[in-house]
Number of protein chains: 2
Amino acid sequence: MIIILKETKRKKKRFSRKDEIIRQATIMFKDRGYSGASVRDLAQLSGIEAPSLYSHFKSKEDILQRICDEMAKKFMKGLAKSEKKESATEKLKTALKLHIRTITKNTDASAVMWNEWKHLKGQGRTEFKKKIRNYEKRFQYILKEGMDNGEFVYYNPVILSKLIFSSLNGLSFWYHGNNKNIGINKNLQKLLFQGIKNQD
Amino acid sequence: MIIILKETKRKKKRFSRKDEIIRQATIMFKDRGYSGASVRDLAQLSGIEAPSLYSHFKSKEDILQRICDEMAKKFMKGLAKSEKKESATEKLKTALKLHIRTITKNTDASAVMWNEWKHLKGQGRTEFKKKIRNYEKRFQYILKEGMDNGEFVYYNPVILSKLIFSSLNGLSFWYHGNNKNIGINKNLQKLLFQGIKNQD
DNA sequence: CCTACCGATCGGTAGG
DNA sequence: CCTACCGATCGGTAGG
């Protein structure tokens, strides 16, 4: 009984240390950029010595990869949910809402993903890029669907999706806890939908 | 006569080398981030040895500062021009057009300015931030003006300006020479103005 | 998770 | 604009 308790406790402690490192790394990568963040400073903020990081992660890049992969997964999940809706309008509305929610609930990690993924290398990089490309393609597909069936005004879907993603992803830099109640989602939906929706 | 010619030539050569360093630095800072770009690689791409950089610039940060300051100047110039227009609608239309033009004509430098300015330090940093803040405030003032006199629908001007800037500044990452003719400006004006203009 | 330590590379200076 | 060189710091390993 005592042994089990100890095991549980030890496991718990190890996992939270790992999470703490990721949490600190996310903040550092955002503020100083991936290259500007040193493993020594990261270790110190996490309460351990630098070499101890390597019992949790195989490299500095490994940490970045995990941050990017986890965020990509969250964005994908939101999009999959929106694709289940009936109309293109509802799909787009939901996709926007969930994309915004993912960002505002993870501002630092979102900023790191969109701005620091370029430091990824090898297979991890390739797979990450594939995921993001897939996300964009599926988003564009929703736009196309709405344009084809007359729900939306016609735009170049690639340009439109790029513009939308830019405006949304910028959120990760200026959205803070203290402007939580200014109706980002409502303002954005209003602004974008006025331009996108077919008013006939 | 010969002496003057030589002087001119020498000056010209020195200036073009300096410009070449800035040009290469802009590309490197964008691709690898400020911290990820080494002065050695920068020197090599510019065709000189690393220590020779320091006869043109007093530090690595000095190069970044010049890139940021020059771009800030270009953005300010466009805004000043738009403020001379009569109506808020015309001001906004011109401000958007010139902001877009500044970005598409300087994609790399724009990306560096918006993403790497955080590496600036000391007085240069303070002054740069002041300029950007001023730019945003004046842009927001145009929005407010249009909302007050009924030209625009009411939004929170701060949110609206942040959203607009995000969508525009994202251009520096996906706009390339090969999508020059897809009507970015027209698409953007259409998208944003539908949401902003009062349709009464 | 630590101490001890590594080679490589960093931005930058001296002196010409 | 170069050669020669600096101390500091980088990401990471060995071994416990």
Side-chain angles (χ1 to χ4, degrees), chain A residues 6-26 28-29 31-68 112 116 118-122 124-125, chain B residues 6-7 9-29 31-68 112 116 118-122 124-125:
Chain A
K6 272 174 107 178
E7 282 290 330
T8 313
K9 219 176 174 183
R10 202 188 298 154
K11 251 189 184 167
K12 215 174 166 185
K13 202 179 175 187
R14 191 183 293 153
F15 269 77
S16 82
R17 174 73 61 140
K18 196 167 183 171
D19 287 345
E20 175 63 8
I21 295 168
I22 296 243
R23 209 177 65 85
Q24 295 291 352
T26 305
M28 279 189 75
F29 290 168
D31 290 344
R32 298 159 54 171
Y34 176 72
S35 304
S38 75
V39 292
R40 272 166 182 74
D41 289 347
L42 173 56
Q44 202 196 337
L45 284 170
S46 308
I48 53 175
E49 294 298 318
S52 305
L53 284 172
Y54 294 86
S55 58
H56 297 291
F57 306 97
K58 62 185 232 286
S59 66
K60 184 187 175 186
E61 194 193 328
D62 180 28
I63 302 176
L64 176 62
Q65 185 82 54
R66 285 167 197 251
I67 296 170
C68 292
V112 169
E116 308 299 330
K118 64 187 170 196
H119 295 283
L120 294 176
K121 279 169 188 158
R125 178 196 175 92
Chain B
K6 271 174 106 176
E7 282 290 330
K9 217 176 174 184
R10 202 187 299 152
K11 249 190 184 164
K12 214 173 165 186
K13 200 178 174 187
R14 189 183 294 153
F15 268 79
S16 82
R17 173 75 59 145
K18 197 167 182 171
D19 287 346
E20 176 63 9
I21 295 168
I22 296 240
R23 209 177 65 85
Q24 295 291 351
T26 305
I27 297 169
M28 279 189 74
F29 290 169
D31 290 345
R32 298 159 56 171
Y34 176 73
S35 303
S38 76
V39 292
R40 272 166 181 73
D41 289 347
L42 173 56
Q44 202 196 334
L45 285 170
S46 308
I48 54 175
E49 294 297 321
S52 305
L53 283 172
Y54 294 87
S55 58
H56 296 291
F57 307 96
K58 62 185 233 284
S59 67
K60 184 186 175 187
E61 194 194 328
D62 180 27
I63 302 175
L64 176 63
Q65 184 81 56
R66 284 166 197 253
I67 297 170
C68 292
V112 169
E116 307 298 330
K118 63 187 172 197
H119 295 282
L120 294 176
K121 279 168 189 159
R125 179 196 174 93

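Proteins get letters first, then strands, A, B, ... in listed order; numbering begins at 1 in each.
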**Complete:** To the nearest 0.5 Å, atom CD of B:Glu20 lies from atom CZ of B:Arg17 at 8.0 Å
**Message:** Between C1' on C:dT9 and CG on B:Asp41, what's the gap in Å once rounded to a whole number?
**Reply:** 10 Å
**Item:** Side-chain N,O (A:Ser52) to OP1/OP2 (C:dC2) below 4.0 Å
**Value:** yes
**Message:** Expressed as a whole number of angstroms, how long is the span from B:Arg32:CZ to C:dC10:C1'?
**Reply:** 12 Å
**Message:** Each nucleotide in nucleotides 11-16 of chain D should get exactly one letter: B, S or -. Can you fill that in based on protein heavy atoms under 4.0 Å?
**Reply:** BBB---
**Message:** If a pair means Watson-Crick or G-U wobble with both distances below 3.5 Å, what does DNA chain C look like in dot-bracket form, with | marking bases paired to a different strand?
**Reply:** ||||||||||||||||
**Request:** To the nearest 0.5 angstrom, please state how far the NZ atom of B:Lys121 sits from the CG atom of B:Leu64.
**Result:** 10.5 Å
**Fill in**
In whole angstroms, the gap separating P of D:dC1 from CZ of B:Phe57 amounts to 11 Å
**Asked** Do A:Glu116 and A:Ile67 have side chains that get closer than 4.5 Å, going by heavy atoms?
**Response** no
**Message:** Among A:Asp19, A:Ile21, A:Ile22, exactly one meets side-chain contact (heavy atoms from CB on, under 4.5 Å) together with A:His56. Which residue is that?
**Reply:** A:Ile21
**Request:** Check ring pair (Phe, Tyr, Trp, His ring centres under 6.0 Å) between B:Phe29 and all other residues, then give those that pass, not counting sequence neighbours.
**Result:** B:Tyr34
**Fill in**
Distance col, row B:Met28:CE vs B:Ser38:OG, nearest 0.5 angstrom, shows 5.0 Å
**Asked** For B:His119, does its backbone N or O pair with a side-chain atom of B:Arg125 as donor and acceptor, under 3.5 Å?
**Response** no
**Request:** Whole angstrom is fine here: how far is it from CD in A:Glu49 over to C1' in C:dA4?
**Result:** 12 Å
**Prompt:** How many angstroms lie between atom CD1 of A:Ile63 and atom CD of A:Gln24, to the nearest 0.5 angstrom?
**Reply:** 11.5 Å
